Amino acid sequence: MQYNIALLKGDGIGPEITESAVKVLDRIGRKFGHAFCFAPYLIGGCAIDAVGVPLPQETVDGCLASDSVLLGAVGGPKWDHLSGEQRPEKALLGIRAALGLYTNLRPAKLFPALRGASPLRRDLVDAGFDIMIVRELTGGIYFGERGYRQGRFGEEAYDTEAYSEFEIERIGRAAFETAMKRSRRLTSVDKANVLETSRLWRKTMHRLAAEYPAVAYQDLFVDNAAMQLVRNPQQFDVIVTSNMFGDILSDEASQLTGSIGMLASASLGETTRGMYEPIHGSAPDIAGQNKANPIAMILSAAMMLRYAFGLSSEAACIEDAVDAVLAAGFRTADIIGDSGAAACSCTEMTAEILKAIG
Ligand code: IPM
Ligand code: MG
């Protein structure tokens, strides 16, 4: 079978890590008899440099015409001076919205070999943890009304958060369905003691909870959730939360797994296409030096195989290869932890994963 994939390499380490994912997919294609065809499109800072806008229409059209989308990372200091509408990050929000990707799955799972790379005490991570963060991705404060105005103290800036019951219900359903396929525990994270949007969020989640009696449901305030994640990550199975809280908690959860360089993500909508990207950014400080950890990107490609194409054996083959390579002691600089291993480059780590795939 042939699969057409839109490839958005982006900026910083984006091109290096997408190169790794392409190599892995090519190897999987050969092993399992699939043809993965890649069509590159510009996004972010490189698009600004080439054509003057962060999200060219051609990129949106190319993604819409594809079977799925792989994205590296966008942004960097070169474009930091630009105004909000022109920044590379705007392209990321734009493509998520254009493709209708309202559900963002961010799995934070501790690979047994990386226990010593987690900043948590050994007794807290010995039992491992496997958390699925379900982040709302096309609403909330990221997309609300914003601007500058005259306020009590002179000029002020404002951003607003709005959530409709419809948006909360559809991310809620995605989360309950995700929980049903896992350990059936769901934590909804909000700030209902302060925010009106959170009160509607909580009310809607409670209505859904009544429809899913098999799921053990709890509410948690976001400040408490941030604390509980480092106190006892094992207590969580699925966490559902808003766009901004999900952004913050997924970075926190990623570090518990050893490094943000380990966390993949799947952004899903009503079609099977989706978009697959690591949760980390473009890491301009190490870009072009062959130092980046390609694992989050490679695991994102595995998620694409599973969710977009229904190729679960192929996805498991990639995940097992990553597991085996970590168990064998290979480490990029970010996940050395207490292992004492010498740092692998991005291409060396990729080569080891390719070998393990066979
Ligand atoms: C992420 C990133 C993005 C976000 C930025 C780059 C706009 O932090 O995917 O988590 O906030 O969604
Ligand atoms: Mg983020």
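Everything numeric here is computed off the predicted structure, so don't read it as measured data. Remember, it's 1-based here, ligands and their atoms both numbered in the order they're listed.
- At the shortest separation from atom 5 (C) of ligand 1 among protein heavy atoms lies L92 CD2, 4.2 Å.
- Residue K90 places no heavy atom under 4.0 Å from ligand 1.
- Using a cut-off of 4.0 Å between Lys/Arg side-chain N and Asp/Glu carboxylate O, R149 and E155 are scored as not salt-bridged.
- Under 4.0 Å from ligand 1, not a single heavy atom of M244 appears.
- Ranked by closest heavy atom to atom 7 (C) of ligand 1, the top entry among E89, R87, E277 is E89.
- Of the listed residues (N243, D247, L93, N104), the one carrying the non-hydrogen atom nearest atom 2 (C) of ligand 1 is D247.
- One hydrophobic cluster holds both M1 and L305 under the rule that ILVMFWY side chains link at heavy-atom gaps under 4.5 Å.
- Each of T138, V240, N243, T204 was evaluated against I171; a single residue qualifies, V240, per the side-chain contact (heavy atoms from CB on, under 4.5 Å) test.
- Remark: the backbone N or O of E19 is not paired with any side-chain donor or acceptor of E16 at under 3.5 angstrom.
- In this structure, H34 has its ring center at least 6.0 angstrom away from the ring center of F309.
- Within ligand 1, counting atoms from 1 as listed, the ones closer than 4.0 Å to a heavy atom of Y142 are 4 (C), 11 (O), 12 (O).
- Panel note: side chain N290, backbone T347; a donor-acceptor pair is recorded below 3.5 Å.
- Close contacts between ligand 1 and R96 involve ligand atoms 1 (C), 4 (C), 9 (O), 12 (O) [criterion: under 4.0 Å to a heavy atom].
- Regarding atom 1 (C) of ligand 1, its nearest protein heavy-atom neighbour is R106 NH2, 3.3 Å.
- Using a 4.0 Å cut-off between charged nitrogen and carboxylate oxygen, R182 and E177 do not count as a salt-bridge pair.
- D247 has its closest N, O or S atom to the Mg ion (ligand 2) at the position named OD1.
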